[in-house]
Structures are given as structure tokens and as C-alpha cells.
Visitor: 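The structure follows.
First the proteins, then the strands, lettered A, B, ... as listed; each starts at 1.
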Protein chains: 2
Amino acid sequence: MKRKITLKQIAKELDVSISTVSKSLRNSLEIGEETRLKVQAFAKFYNYKPNNIALSLKNRKTKSIGIIIPEIVHYFFSTVINGIEQVANEYGYSVVICVSDDSFDKEVLNMEMLANGSIDGFIMSLSKETQYKGDFHHITEVINQGMPVVMFDRVTNDILCDKVIIDDKAAAYEAVQSLIDNGRKKIALVTTVDYVSVGKLRTDGYEKALLDNGIAFSEDLIIKIEDVDTCEITISELLHARAFDAVFAVNELFAVTIIKTANKMGLKVPEDLAVIAFTDGIISKYSTPTITTVSQSGEKMGSKAAKMLIERLEAEEDDDEEHTENYTTEVIETHLIKRESTD
Amino acid sequence: MKRKITLKQIAKELDVSISTVSKSLRNSLEIGEETRLKVQAFAKFYNYKPNNIALSLKNRKTKSIGIIIPEIVHYFFSTVINGIEQVANEYGYSVVICVSDDSFDKEVLNMEMLANGSIDGFIMSLSKETQYKGDFHHITEVINQGMPVVMFDRVTNDILCDKVIIDDKAAAYEAVQSLIDNGRKKIALVTTVDYVSVGKLRTDGYEKALLDNGIAFSEDLIIKIEDVDTCEITISELLHARAFDAVFAVNELFAVTIIKTANKMGLKVPEDLAVIAFTDGIISKYSTPTITTVSQSGEKMGSKAAKMLIERLEAEEDDDEEHTENYTTEVIETHLIKRESTD
DNA sequence: TTGGTTTACGAAAACGTGGTAGTGTTGAAA
DNA sequence: TTTCAACACTACCACGTTTTCGTAAACCAA
């Protein structure tokens, strides 16, 4: 077992100075051809590669970006990571991933762990608990330290930084409008608890679509679900009452649960009940019937976020501390993917 | 914007030496109480945290582990990451993730990128291409450099290292046996191309179960799929011929595709066709009918792999280069999760 | 020979930390 | 008064790089 070779070892072996080795390897003209080639040959033979850590320390940049997300076993988030990873790789960055598990404390801890030099910048989506508490001091802190942060999807207005989002409100509006266009009148909304920013926005879009079409908006048709596993009862009750003929669900898990419940009761989708879900994931594609969804383009969000972050990082390099705080919020386009759950 | 404060800056500010500051913060008895408290107060006020990079360089360990996987938008792999992440976090490690995209070159590149000091050890699952080529020099290399590697799921016998796998053959055997127990006679196997190690093993288990039960084994009933999108035709042809009354699919994507094809042809699952899939993912849980699967316990694999790696890392610390190469292969238990696609 | 320019390399600092060894002062015991 | 220990702190080294600056030797022109 041979440990990785260092400049120092090469220098000692060839009986030259460390600087000579370093310069030879970087093809500096300062070094005579003979020495240069000798060093290069030796380095190649021993497969010399500069130590990343030492480089990071010297250059004050790690060439890696930190990702903080609420969950990883989650189609949307994993597509986002995929998008980030691809761009990062392209630019020679690695990604280090931390999962907050939707816990505020973990989010804070993870950020602190990474903020002490491990990474050059963050890409993150807020945990539920963080959104609920409204406490963003940990994010402010890293930003104040001069570390760029890009937020995506679950963002907050309380923090000034680059953001990548979809127009949740407009997308919800479009989805609900399409249900109305198909003659649906009683459209239910199945959503999460309020403090999740995107849930709120989607509710707004839903409401606006109804009102714009002269349909009464009723709180009774809004079903707020905290735990997927226990929601079946609520849903089946409402279905029994035939309270609605269409559903807009803020995620595909809710949607598929609704469809299954409806099927059990002998209701047909889409004839008796049309369903549209947010988040175009794998469930929608393979459920029976397949589910009409609003594509959320996680990959595009990820790659966009990564590009914004890296751009800022490389810009910093030139301007060197010049602070042009022109934060932008990128809105990724969504579109409706029509499948079998609507007519 | 205040950059992170360093020992040096504190020292300068308080007009003491760097070592005094360092020792004060580590509560060394060498330093008088007055100075110690003054330094600590100052450090706390400026929220001093030691720089990870400097520590890594000094201690020659980064407290982070590298994960190389073929895909990330993939239920099984993301559950594995989840398992790894949890354990890693518990022990104060971060995880940096690279996706090989099932490409040999990317796998090599990613490993090289991380191997130069960025991480303390690897947890990886081989890319298809790597398994196809049978070229593992990049892995041998990092192991030779003294960097521990733990492989999971898609492993190879050509590399000596710790491994975490499931008993693919036994699991496949159990699944097929359960189909036979339910009176199925013509059981098809839908699998991937041969060079993927797990695909091969599952085929072996399938074959053995048939033979043990005195059922003829026929190549005609083995369907090798390279691309999911184009497999529907093959499947429907075989279904038309009523060539089989049960299917064992090596992943849930194949399974759900088969079910959908069967449904289109008016065949009922499980009455006309029983289906079991490997990999208990999200599709199986939400498809209609829900699919009986072999649970692969990705999370357990991940946490086990992480534990093995970290244990080895911490052991190295003590023995310091003492090489007790007692590699182990951990076999994670699987079990059959019965759902609607079988009777 | 002198002065000046190349050529070819080395020494040292810096990045931030932590540990070992040392240094100077004080007070008390011998 | 000398000696020794305790105290409180500083110097220095190492981790692996890159880079700036310095300098010796060689060469050339005057």
C-alpha cells in the first residue's frame, strides 16, 4: 500500500526543491527543460495528483457545493439533485448533500457543519419546520459570511438571495382552469398545512381560478392533510357525499390515494371524478389510470439553481468581494401533462 | 459582511499568540483563567468555529464519505443514500454524492475527483458499464492507496473489500416458490441483460426454484429487457400466446408495465396472471393492483454500509496503518411483501 | 574586469489548525 | 543568594500547495 505521493516526496526523491517540482508540473518556463521533464515523468509514474484539501486551503475555495433538502427519498427532490449534480460536475464541482428530514434543528446543524469551510455555497429547500417557525437566522448568518445561497421551491421572502421557483399560483390556476373547461363545477382542493409556502400559493391559484369563473369558493372543499396515511377516511366521507366531481391535489401521493379511494367506492376516474396532481412523478406515470399532472421540472430547477450558484461563485473570484447584490428569482415554466385521470 | 474569524485574527485582536488562543478554546490548563475566559468570550461573540479544511489537512481526514451510485432518481438508491446519510450524520460525517449515470468513465472520473483527499472512504454500487467491462482498476487503485471501500448491491468478486448485499438468489427463489405454491405452472422471468450482477443472480434463483419443483426451465420464458420503453411489444406477444400464468420481474418498473399490458388485453391480475417484483418501491405500493414485492431494504443496506465504513475508518485511526484485512460481506435479509398482484 | 541580463533554481510565506517544546518571570524553598 | 518549580505564555513545526521574491552562476557587451 502506497500512500498518495506529495510534492515534498517527489522533491526529496529527485533532490530538488518543492517549488521546482510544483513549477515543473505546472509547466513553468522558469524551470529548465531537462529538470522539468524529469519531474513530470517521475510524477506521472507515481500518478501524482495534487491534494484537494491543500488546494482548498490555499485557494480558499473547495469546489464543492452543499445541498440541504428536506427529504431524499422523494421523486421531486431527487430530480433536483440530479439537475444540480450534472451542472456541478460539468463545472468541476462536487456536491455534498445533507437531509434536514423536515426538522429545523437538523437544518441548522447541517448548515453549520458545512459552513465552516467545507463548501463554497448552498443550494437549499426549506424544511417544513423552518417554514413553520419562520426562523431563518442560520441562513442569514451564512449569507453574511459571504457565502452565496440559492433557494429553490420552498423559499421565503424573508431572505434576500437567488431563488429558483415555479409559479405555483399560475400553475395551480391553469390546472383548475382546465378542470373547469371540461365542465367540472365542484372542484376540491387537497393540500398540505398552510405554512408550507408552496401549499399556500397553490391554494391561492385554485381560489383565483374558481372566482374568475364565477364559481363559489368554499372552505368545505379544501382538505388539508397532515399525514397521508390517515387521510383516506376524510376523503371517503367527502366522496360519499358526492361533494365534488373533480380534485386538484397538491402532490401525486394525495392524488393516487384519492383515486384508489374513489375506485373502492365504485366511482370511476375520470368519468365520475377528474383528478389533477401537482408534481409530475413516477407514481402519476404508472398509476392506473395514469394521472394528469403539473410538471414541476425538478431537473431544470436543479440545473438552473446550480448555474446561478456557480456563476456567482466564479464572479466573486474576479470582482473579489465587490458586492453587487443583484439577487434574481428565476421562475421555471410548468405545463400540464394530460393523462388518463382527466377527460 | 464579516468573513469567518480565524485563530490568527482573534490572537491579533486580543494581542496574544495564536497558540494561546487555540489552547484557551480547548480549555488547556496551560493558560491562566483570566486569559482563557477572555479569549473564550471573544470567540463566542464572533462565533468562532474552526475551519474544517485546515483541520482536514492537519488531521489527514476529512470526516466525509463519498458515495458513487449509478442513478439518484431511483427509489432503491435514494433509500440507500438515506440510510447512509443518517448513520454518517450520527457519527459526524458528511456525505458527498456522485452519480455515475451507469457510465464507466464517469465512475472513474468521479472516483478520481474524490480520491485526492476530499473524502476518507467510499461507498459505491457499480455502474452497468463497469460491470460489463469488468474493469475495476480505479477501485483497486483507491484501495491500494489505503482508502477503504464498501460496495453494495451491485458488487464484484474481483475486488476484495467490505460488501453489503442481499441474497439475490435466495430472494428470487423464495418469490418464485411462492408463485408455485399458489399453483402457478408457467412462470416467466422478466430480467435485464446478463452483465448486471444482480440480474444474473436473480435468474439463478428463478431457475433453481423451477427445477426444485420439477418444472421445466425454458429459455423462451426468460425475457431480457434492455429498454423499458420498447418492451411492451415483446410482452404482449407472449401474453397473447398465453405462454405464462405468472411473472417474476426483477424490478417494479417491468412489473407495472406487464400489468398494464395485461390489463389492456383484458387479462386480470392476479386471476389470469400473478406478478411479483423485486425491489419494493413506491410504484408497487401505489399501482393498481398493488404489487407483491421482494423488499430490498435499501435503508438497511445503506446504514449497514455506512457503519462498516466508519468502523474501519475509526479503527485505522488507532492501529494506524496496521493492516488486518479481514473483509466481510454482509447479507441483508429480504422478505416477501404480499400485495394484490398475487393471490 | 566590470556591470548587467539571463537562466535555473531555492527559500519562504501563506492558507488555518493543533501539539510539543521552549522561554521568561515569579515566588518559595534550600 | 541560589535553585527549582510552577505558571503563563510564545515559538515552531507539520499538513500540501502555490507563488513571490531572492540569488547564484553563466553569459554577454563594453
Visitor: Just to confirm, is there a sub-4.0 Å distance from OP1 or OP2 of D:dG16 to any side-chain nitrogen or oxygen of B:R60?
Guide: yes
Visitor: Is the backbone of B:K128 close enough, under 3.5 Å, to the side chain of B:D102 for a donor and an acceptor to pair up by distance?
Guide: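 The answer is yes, because a donor-acceptor pair under 3.5 Å joins these two groups.
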Visitor: How close or far is atom P of C:dG10 from atom CG of A:L14, stated in whole angstroms?
Guide: 11 Å
Visitor: CD1 of A:I18 versus P of D:dC13: gap in Å, rounded?
Guide: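 From A:I18 CD1 to D:dC13 P: 14 Å.
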Visitor: What's B:K4 touching, base or sugar-phosphate or nothing? Going by heavy atoms closer than 4.0 Å.
Guide: nothing
Visitor: Between A:K8 and D:dC15, is there a side-chain N or O to OP1/OP2 distance below 4.0 Å?
Guide: yes
Visitor: Start at the 5' end of DNA chain D and walk down; is the nucleotide closest to B:K58 or to A:E30 reached first?
Guide: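 The residue whose closest nucleotide sits nearer the 5' end is B:K58.
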Visitor: Which whole-number value in Å describes the distance from B:N59 CG to D:dC15 P?
Guide: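 After rounding, the reported distance stands at 13 Å.
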Visitor: Within this structure, what is the CG-to-P distance between B:L29 and D:dA8, rounded to whole angstrom?
Guide: 10 Å
Visitor: With a 4.0 Å limit, can you tell me whether B:S22 has a side-chain N or O closer than that to the phosphate oxygens OP1/OP2 of C:dG18?
Guide: yes
Visitor: Can a side-chain donor-acceptor contact be found between A:T130 and A:E107 if the only test is distance below 3.5 angstrom?
Guide: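 The answer is yes; a qualifying pair exists.
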Visitor: Can a side chain N or O of B:T35 be found less than 4.0 Å away from OP1 or OP2 on D:dC9?
Guide: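 So the side-chain polar atoms of B:T35 do come within 4.0 Å of the phosphate oxygens OP1 or OP2 of D:dC9, strictly under.
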Visitor: Of all the choices, C:dA12, C:dT20, C:dC15, which nucleotide is nearest to the side chain of A:S19 once you look at every atom?
Guide: C:dA12
Visitor: A:I53 CD1 to D:dT17 C1': how many Å, rounded?
Guide: 12 Å
Visitor: For the base of C:dG10, is there a side-chain donor-acceptor partner from A:K23 under 3.5 Å away?
Guide: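 Check passes, donor-acceptor contact within cut-off.
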Visitor: Check whether any side-chain nitrogen or oxygen of B:S17 sits under 4.0 Å from OP1 or OP2 of D:dA11, and answer yes or no.
Guide: no
